[in-house]
Visitor: 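After the structure tokens below, expect a handful of questions from me.
Values below: every heavy atom of this structure, side chains too, minus hydrogens, waters and symmetry copies. Numbering of ligands and ligand atoms starts at 1, following listing order.
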Amino acid sequence: MYTVDFLNDLNESQRKAVEYCDGPSLVIAGAGSGKTRVLTYKIAYLLSQGMKPWNILALTFTNKAANEMKERIGALVGTDLACRLNMGTFHSVFSRILRVEAATLGYEPNFTIYDEADSRSLVKTIIKEMQLDDKIYKPASVHSRISMAKNHLVMPAEYALTRSLVERDREQRMPAMSSIYSAYCERCRMANAMDFDDLLTNTFALFNEHDDVRLKYADRFKYILVDEYQDTNAVQQKIVWQLSKEHLRVCAVGDDAQSIYAFRGANIDNILDFEKIFTGSCTFKLEQNYRSTQRIVQAANSLIRHNERQIPKDVFSRNDEGERLVLKEAYSDKEEALIVCNEIRRLRREEHCEYNDFAVLYRTNSQSRSFEEAMRKVGIPYKIYGGLSFYQRKEIKDVIAYFRMVVNPDDEEAFKRIINYPKRGIGDTTVAKIAGLASVGGVSLWRVICEPDAYGLSVAKATMGKVDAFRQLILGFMEKCATSDAYSLGVEIVKSSGISADIYADKSPENVSRQENLEELLGSMQEFVESRMEEGRETEIGLSEFLKEVSLQTDIESDSGEEDARRVSLMTVHSAKGLEFPTVFIVGLEENIFPSMLSMNSRRELEEERRLLYVAITRAERHCFLTYAKSRFRYGRMEMEAPSRFLRDINPDLLKVDKAGGSMLPFGKSSLSSDYGRANRWQNSRPVASQFKADLKPREAVHREDPPIANTFSPSFKRLRAVASSGGKHASPSVSGLSEGCMIEHERFGIGKVIRLEGNGENMKATVQFENAGQKQLLVKFARFKVIG
Ligand SMILES: Nc1ncnc2c1ncn2[C@@H]1O[C@H](COP(=O)(O)OP(=O)(O)OP(=O)(O)O)[C@@H](O)[C@H]1O
Ligand SMILES: [Mg+2]
């Protein structure tokens, strides 16, 4: 038993919410009022009451949030307990369960997780095979319809029988939608692949159809906690119910005013329905905001008051009154970026802030470009969250496709990506033939090339030779997969496949950036192997384990990797959820940007945009700047912009207006009624949820990192560069004088004594007793240490 002194860190209402463990509970509270803190402390409290960490399941919105929570709990009750908790996003927690239970659902445990791009590519292939017009059947919108259907648990058979859906598709000239949906699901199965939505729907199906399996997990997870409950969708809620309906020990926290994922199927009614589903649930409200100044809280309240659909709350702050929010007008997007840079420099000077005290929040990823440019020019270090994630870059996807084939050769998307990359003379016609036979035979493309005669593959002899060479290449990697660590096999694949020869062909700027990315990938594999070794998980250092980790990276989470670096954060409002910064700039507050052009056809969508701005404002602790530009370069030309209607919703007494070339208010004093009239213009011509989603997708041109800062390769990366450029020959360890009993100095762990050496060459391992870091096992070939005596 632990003392529970830590409960003194909470206020009365928070403490009540933490201590209530008898039945289901819901904490509904405004931004910054300590919801996440309540969850964290509640877990620590449960542990202090003797509950075992493996009996606790905590579901967070990002993996990053899960890690932060774990650290915090570790500080309260010790890391031994904290690291045994089941924590993570719905997708990561349930994908682990699905791997264990794969056979029950007819999958192999090594199934591939298709990301959004894979899914779209498969949809595109199917549309082509069905000879449909891809101008009507746009892959992105077809996929988002499939996704929506899955998130409402409407499977293909039911879809085809649901009149409203079929009629809607027919009206929109897409009568083949349900056939595409059903082909898509079959093809995923054939490829032993699940897409992101399947991770949830298959979990639901697993528990729904196999009560013994459900009971096993319901018994294991004796307490379930969910953060950001307002953004869960129907399937996620149902899974929570499946796991908790016997014991009803569930605690969900959320804020209806921050529900911002309706476009992905999240349902604000979840919160409202909680009390109905979990009967006897106890609801707690928290109203004191600990994050922001009074004026920031009041401004956020005055904005959100304009929404009709909400649970009334009276959020207040007892922090300083603070300054008014500053509204700045710029002539152009360029000037807007300069204004932000100047303010950052001024505050750094006057208030001694660090760069990581600042965040620039925008509505869509494409807005980051002007800020990147300006910051690079004046030398402000920044990091971009989201955008085109590292794992979405072409060269990385190519290499990962090889990895995926090696782990799951039935993976159709990976197969198509690499069968002729690097070029090996296997053309589209051959691939189409293979795909056709696979489809007829009801097997994967890989099976066809493994038994070409059995499936009737007839191509020229020379081509057959090339196909066979490809098969041999993959088989060779597959053989090594069981014995090699991820990093060694990664280097081997990059080399033997011909990728390194292709990427290192010359020093053109594009190739240099591809080289850097490739090295970063190999470096991350090295780190992966090393850290698993350090954790004593030597049996989990293979390529398949590495893939499991990377395939759950989402766009929201990806960042440039430097966690604690002192940089300004650039991110979309969506990715800023749950975070806090001393100073926040909310930029691009213009009509058609924020609110987005695609959200103007209904009050419901506009209310979601308003909640999004509420989320943005409530990220700020001390200073909040709102900016808009009068003109902006968009769609290849200069557009004149009008200030966002939401600016009128904020109580003007809380705003300090700083206008370009003057000091007049940008519009008349606040009127409490928002102008929905304008929206009608768009009514017939625009939005469906899918287009809205497309707008949120990162654009390639946007993701560029600051070269002088991004180029932070450690010496080991430089070594990799040498390895890769020499065609991938792996440098062998050069730790001369290493022997049992000798002293070494490690880059991270400091000084230690080598107790044991085992294995030879590539696989040599050293067990080292460090003075300050305890005992560790190291792979000698990584040699991040030197012998000192
Ligand atoms: N009782 C308290 N005493 C001191 N600080 C607190 C207290 N409660 C919360 N805080 C601090 O206030 C900030 C906001 O808390 P937290 O992030 O838990 O709020 P939240 O409700 O989860 O916010 P959001 O709605 O943005 O997710 C954090 O810095 C937290 O440490
Ligand atoms: Mg929170």
Visitor: Is it the side chain (CB and beyond), the backbone, both or neither of Arg619 that lies under 4.0 Å from ligand 1, heavy atoms counted?
Guide: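 For Arg619, only side-chain atoms sit under 4.0 Å from ligand 1.
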Visitor: Pairs of nitrogen or oxygen atoms closer than 3.5 Å, one from Gly34 and one from ligand 1: do any exist?
Guide: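 Right, the criterion is met.
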Visitor: Return the closest protein heavy atom for atom 11 (C) of ligand 1 as residue, atom name and distance.
Guide: Tyr290 CB, 3.8 Å
Visitor: For atom 27 (O) of ligand 1, what's the nearest protein heavy-atom neighbour? Residue, atom name and distance, please.
Guide: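 Minimum-distance protein heavy atom for atom 27 (O) of ligand 1 reads Gly578 CA, 3.8 Å.
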Visitor: Is the closest side-chain donor-acceptor distance between Asn356 and Arg566 under 3.5 Å?
Guide: no
Visitor: Heavy atom under 4.0 Å from ligand 1: found in Val253's side chain, backbone, both, or neither?
Guide: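 Neither; no heavy atom under 4.0 Å.
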Visitor: Can you name the nearest heavy-atom pair linking Gln230 to Glu228, along with the distance?
Guide: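 Nearest pair, atom of Gln230 first, then Glu228: NE2-OE1, 2.9 Å.
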Visitor: Considering residues at least two apart in sequence or located in another chain, which fulfil the salt bridge (Lys or Arg N to Asp or Glu O under 4.0 Å) criterion with Asp9?
Guide: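 Residues passing salt bridge (Lys or Arg N to Asp or Glu O under 4.0 Å) with Asp9: none at all.
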Visitor: Would you mind telling me which of Leu59, Thr40, Ile56 makes a side chain to side chain contact (heavy atoms under 4.5 Å, CB included) with Leu225?
Guide: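 By the side chain to side chain contact (heavy atoms under 4.5 Å, CB included) criterion, Leu225 pairs with just one of Leu59, Thr40, Ile56: Ile56.
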Visitor: Check the angle between the aromatic planes of Phe371 and Tyr362 and answer parallel, tilted or perpendicular using the 30° and 60° thresholds.
Guide: parallel
Visitor: To which protein heavy atom is atom 7 (C) of ligand 1 closest, and what is the distance rounded to 0.1 Å?
Guide: Arg37 NE, 3.3 Å
Visitor: Determine whether any heavy atom of Asp255 lies closer than 4.0 Å to an atom of ligand 1.
Guide: no
Visitor: If you round to the nearest 0.5 Å, how far is CG of Leu654 from OG of Ser302?
Guide: 6.0 Å
Visitor: Which protein non-hydrogen atom lies closest to atom 13 (C) of ligand 1, naming both residue and atom, and how far is it?
Guide: Glu580 OE1, 3.3 Å
Visitor: Atom 1 (N) of ligand 1: which protein heavy atom is closest, and how many Å away?
Guide: Gln14 OE1, 2.8 Å
Visitor: Number the atoms of ligand 1 from 1 as they appear, then name those within less than 4.0 Å of a heavy atom of Ala31, with their elements.
Guide: 25 (O)
Visitor: Would you confirm whether Asn289, through its side chain, and Ser292, through its main-chain N or O, come within 3.5 Å as a donor-acceptor pair?
Guide: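 Yes; at least one donor-acceptor contact below 3.5 Å.
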Visitor: Give a yes/no on ligand 1: does Asn289 have at least one heavy atom closer than 4.0 angstrom to it?
Guide: no
Visitor: Donor-acceptor check, side chain of Asp198 to backbone of Asp195, threshold 3.5 angstrom: yes or no?
Guide: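 Yes.
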Visitor: May I ask you to list the atoms of ligand 1 that are less than 4.0 angstrom from any heavy atom of Gln258?
Guide: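 Selected atoms, number and element: 25 (O).
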Visitor: Tell me whether Arg611 is salt-bridged to Glu608, with the criterion being a basic N under 4.0 Å from an acidic carboxylate O.
Guide: yes
Visitor: Return the closest protein heavy atom for atom 17 (O) of ligand 1 as residue, atom name and distance.
Guide: Arg291 NH2, 3.2 Å
Visitor: Just jot down the ring pair (Phe, Tyr, Trp, His ring centres under 6.0 Å) partners of Tyr614, sequence neighbours excluded, or say none.
Guide: none
Visitor: Check contact between Gly32 and ligand 1, using heavy atoms of the residue and a distance below 4.0 angstrom.
Guide: yes
Visitor: In the protein, which heavy atom is nearest to atom 20 (P) of ligand 1, and how far is it?
Guide: Lys35 N, 3.4 Å
